[in-house]
Amino acid sequence: MRRARTAVAAVAVLALAGCTADDDGGPATTPSSTSAPSFAAGAEGAGDPYFPTYGNGGYDVGGYDLKVRYDPAGGELRGTATITATATQALSRFNLDLAHLAASKVTVDGRAATSRADGNELVVTPAAGLADGAAFTVVVEYGGRPQALNNETLGVGGWLRTKDGAFALGQPESASTWFPVNDHPSDKATFSLAITVPDGVQAIGNGVPGARRTVAGWTTWTWRERNPLASYLAFVVIGHYRVKVGTHDGKPMITAIPESLPANGNAARALGRTGEIVDYLATQFGPYPFDASGGVVLDDDRVGYALETQSRPVYGNTFFRGQANATVVAHELAHQWFGDSVSLRRWQDIWLNEGFATYGEWLWQEHQGERTVQESFDRAYASFDWTVPTGDPGVDNLFGDAVYLRGAMTVQALRHAIGDDAFFALLKSWPAEHRDGNVTTEDFIAAAEKASGRDLGDFFEAWLFGDRKPTY
Ligand code: TRP
Ligand code: ZN
């Protein structure tokens with residue numbers, strides 16, 4: 001979903017709308033005028049400098065509507081994905097990302113389309129070309145045994161099977177292991193999920209819960225995220241969980257703890273602070289950006305991390321072994337503003353997510369009477385390897401200290417440089433102005449310069465791109 005589009009040349013649309021697309025992307029009929037735009041294949045990547053193959057080009061998804069059935073006994077998934085999109089060029093064909101699963105039927109605007117798998121891409125050729133600017137609907141029936149994607153430097157992402165169910169989780173990619181998707185954060189879209197699992201097993205997803213139905217031993221759980229999400233922020237967790245349905249500030253708040261963990265243990269107590277932490281962060285970042293909240297804990301040795309899945313983060317239980325510390329909860333909830341509501345346009349700018357989420361932890365710790373933000377800064381600043389540039393860390397350091405810690409230090413250094421008034425105004429105006437949108441580091445620098453009325457070029461050059469300790 002994009003916020004603004006350039007207008008389409010109406011004449012070209014009318015002239016070409018009826019053309020038939022061919023296989024190699026050229027126009028089906030030779031245009032009599034050389035100036036007429038021709039249908040071409042959408043790119044097989046969204047053009048991210050770090051991950052050129054992620055996502056696709058030529059269209060912009062508005063929403064995903066998924067109906068999925070999962071059988072934990074056999075590890076089989078069957079689904080129907082209804083994807084509404086807009087062509088951003090005259091398209092002869094386009095790709096969706098779909099890993100390890102097979103499409104059995106594809107239609108575009110109700111007409112049968114041809115499709116073929118090409119590695120982890122599903123190549124769809126509609127019966128007729130799609131004009132630039134045309135709205136279209138793709139329906140994909142698909143299925144198979146989902147498998148995770150293994151990235152050498154970044155670890156496992158996507159669908160993992162468990163004893164009594166499964167979960168889908170990962171960054172920077174995960175979604176394509178369970179549904180056909182334009183798998184890049186630059187194409188945010190609304191997301192609704194109806195997932196059918198055996199009776200007695202729970203299925204938790206993003207956003208607001210809907211009606212639940214049970215038919216012949218199978219229960220369908222429905223979840224809806226009205227605010228567009230970046231695809232890596234979609235999740236589902238299936239298994240035996242203690243699901244607690246409440247409200248916070250008039251919005252659904254759903255937490256889920258595995259039955260293998262105590263109902264009132266550390267994990268449950270840390271998650272129980274979700275509402276309080278959301279309220280605190282809202283005093284710093286402005287109104288909570290989503291319609292629902294909560295969190296899910298996984299009791300699984302493969303999950304030594306947490307992820308800021310939209311409106312409802314997922315936490316590995318490792319954070320809560322021996323302690324009910326909620327610092328990680330503050331981190332993942334801070335991401336709801338920084339990363340989820342305001343999303344990346346390209347992965348190299350990930351400090352805009354992790355630097356601010358770490359800064360959110362620092363603020364929460366100070367608010368709790370633990371160490372102050374300045375103390376957190378001082379600890380990191382005292383001994384640090386400054387050789388990795390925060391603003392361009394490279395794929396191998398995407399989740400390294402240069403992103404999290406130097407990112408948070410950059411935030412604190414900015415506060416020091418421009419003063420509390422301008423800084424805290426910026427901390428609220430940035431999420432407000434870019435709500436549901438996509439941003440780059442350049443956008444943030446411009447916003448900081450506007451908030452402070454100062455040229456901050458040298459400041460950001462030193463903190464984000466230099467290879468030496470910046471002065472503070
Ligand atoms: N973004 C997550 C956080 O900071 C951490 C993370 C990085 C992660 N890569 C991941 C989580 C892969 C799950 C899977 O909270
Ligand atoms: Zn984070």
Task: Ser343 OG to Asn353 CG distance, which is reported to the nearest 0.5 Å - done: 7.0 Å

TODO: May I ask you to check whether over 12 heavy atoms, not counting those of Lys244, lie within 6.0 Å of atom NZ?
DONE: no

Open item on the list: List the residues meeting salt bridge (Lys or Arg N to Asp or Glu O under 4.0 Å) with Arg415, not counting sequence neighbours, and say none if there are none.
Closed with: Asp420

Open item on the list: For Phe285 together with Tyr280, are the ring centres under 6.0 Å from each other?
Closed with: no

Task: Straight-line distance of Thr372 OG1 to Gln365 CD, nearest 0.5 Å - done: 10.0 Å

Task: Contacts of Arg226 that satisfy side-chain contact (heavy atoms from CB on, under 4.5 Å) - sequence neighbours left out - done: Asp291

- [ ] Just say parallel, tilted or perpendicular for the rings of Trp463 and Phe377, cut-offs at 30° and 60°.
- [x] tilted

Open item on the list: Tell me if the centroids of the rings in Tyr359 and Trp364 come within less than 6.0 Å of each other.
Closed with: no

Open item on the list: Tell me whether Arg302 is salt-bridged to Asp300, with the criterion being a basic N under 4.0 Å from an acidic carboxylate O.
Closed with: yes

Open item on the list: Looking only at side-chain N and O atoms, does Asn120 offer a donor or acceptor that is under 3.5 Å from a partner on Asp97?
Closed with: no

Task: Residue pair Thr88 / Asp60, side-chain donor-acceptor N/O under 3.5 Å - done: no

TODO: Decide whether Gln336 and Glu308 meet the rule of one side-chain donor and one side-chain acceptor closer than 3.5 Å.
DONE: no

- [ ] For the residue pair Thr440 and Arg346, establish whether any side-chain heavy-atom pair is separated by less than 4.5 Å.
- [x] yes

Task: Any donor-acceptor pair under 3.5 Å from Lys469 side chain to Tyr381 backbone - done: yes

TODO: Over all heavy atoms of both residues, which pair between Lys188 and Asn438 is shortest? Give the atoms and the distance, please.
DONE: CD-OD1, 3.7 Å

TODO: Assess the side chains of His335 and Glu354: does a donor N or O sit below 3.5 Å from an acceptor N or O?
DONE: yes

Task: Main-chain N/O of Met253 paired to Ser293 side chain as donor or acceptor, under 3.5 Å - done: no

Task: Nearest heavy atoms of Ala103 and Ser115, plus distance in Å - done: CB-OG, 4.4 Å

Open item on the list: Ignoring hydrogens, what is the shortest heavy-atom contact between Glu361 and Ala330? Give both atom names and the distance.
Closed with: CA-CB, 4.4 Å

Task: For Thr86 against Phe136, the heavy-atom pair lying closest together - done: C-CE2, 3.8 Å

- [ ] Look only at the side chain of Thr177 and the backbone of Trp159, and say whether a donor-acceptor pair between them is shorter than 3.5 Å.
- [x] yes

TODO: Look only at the side chain of Asp385 and the backbone of Thr387, and say whether a donor-acceptor pair between them is shorter than 3.5 Å.
DONE: yes

Open item on the list: Around atom CD of Glu366, are there more than 12 heavy atoms from other residues, nucleotides or ligands closer than 6.0 Å?
Closed with: yes

- [ ] Would you check if Asp392 and Gln348 make a side-chain contact, meaning some heavy-atom pair closer than 4.5 Å?
- [x] yes

Task: Side-chain H-bond candidate by donor/acceptor type, Glu173 with His184, under 3.5 Å - done: no

Task: Side-chain (Arg406) to main-chain (Trp386) donor-acceptor, under 3.5 angstrom - done: yes

Task: Between Asp132 and Gln89, a side-chain donor and acceptor under 3.5 Å - done: no

Open item on the list: Please check this pair: side chain of Thr441 against backbone of Gly391, looking for a donor-acceptor N/O pair closer than 3.5 Å.
Closed with: no

TODO: Using ring-ring contact (aromatic ring centres under 6.0 Å, His included) as the criterion, point out the one residue from Tyr288, Phe356, Phe290, Trp430 that pairs with Trp337.
DONE: Tyr288

Open item on the list: To check you understand the geometry: which heavy-atom pair defines the closest contact between Ala267 and Leu261, and what is its length?
Closed with: CB-CD1, 4.3 Å

Task: Asp301 CG: over 12 foreign heavy atoms closer than 6.0 Å - done: no

TODO: Could you tell me the separation between the CD atom of Glu332 and the CG atom of Leu271, rounded to the nearest 0.5 Å?
DONE: 11.0 Å

- [ ] Please work out whether the ring planes of Trp347 and Phe51 are parallel, tilted or perpendicular, with thresholds of 30° and 60°.
- [x] perpendicular

- [ ] Look only at the side chain of Lys428 and the backbone of Thr283, and say whether a donor-acceptor pair between them is shorter than 3.5 Å.
- [x] yes

Task: Distance-minimising heavy-atom pair for Phe167 and Val303 - done: CZ-CG2, 3.5 Å

Open item on the list: Strictly distance-based, threshold 3.5 Å: is any side-chain N or O of His434 a donor or acceptor partner for the main-chain N or O of Gly437?
Closed with: no

Open item on the list: Would the distance check show the side chain of Tyr59 and the main-chain N or O of Asn95 forming a donor-acceptor pair, the cut-off being under 3.5 Å?
Closed with: yes

- [ ] Might you confirm whether atom CZ of Arg224 has over 12 heavy atoms from other residues, nucleotides or ligands at distances under 6.0 Å?
- [x] no

Open item on the list: Could you check whether any side-chain N or O of Glu449 sits under 3.5 Å from a backbone N or O of Leu456, counting only pairs where one atom can act as donor and the other as acceptor?
Closed with: yes

Task: From Trp178, Tyr64, Phe179, residue fulfilling side-chain contact (heavy atoms from CB on, under 4.5 Å) relative to Leu193 - done: Trp178

- [ ] Test salt bridge (Lys or Arg N to Asp or Glu O under 4.0 Å) on Arg468 and Glu461 and set out the steps.
- [x] CA-CA 11 Å; Arg468 262 165 295 154; Glu461 186 58 34; over 6 Å; no

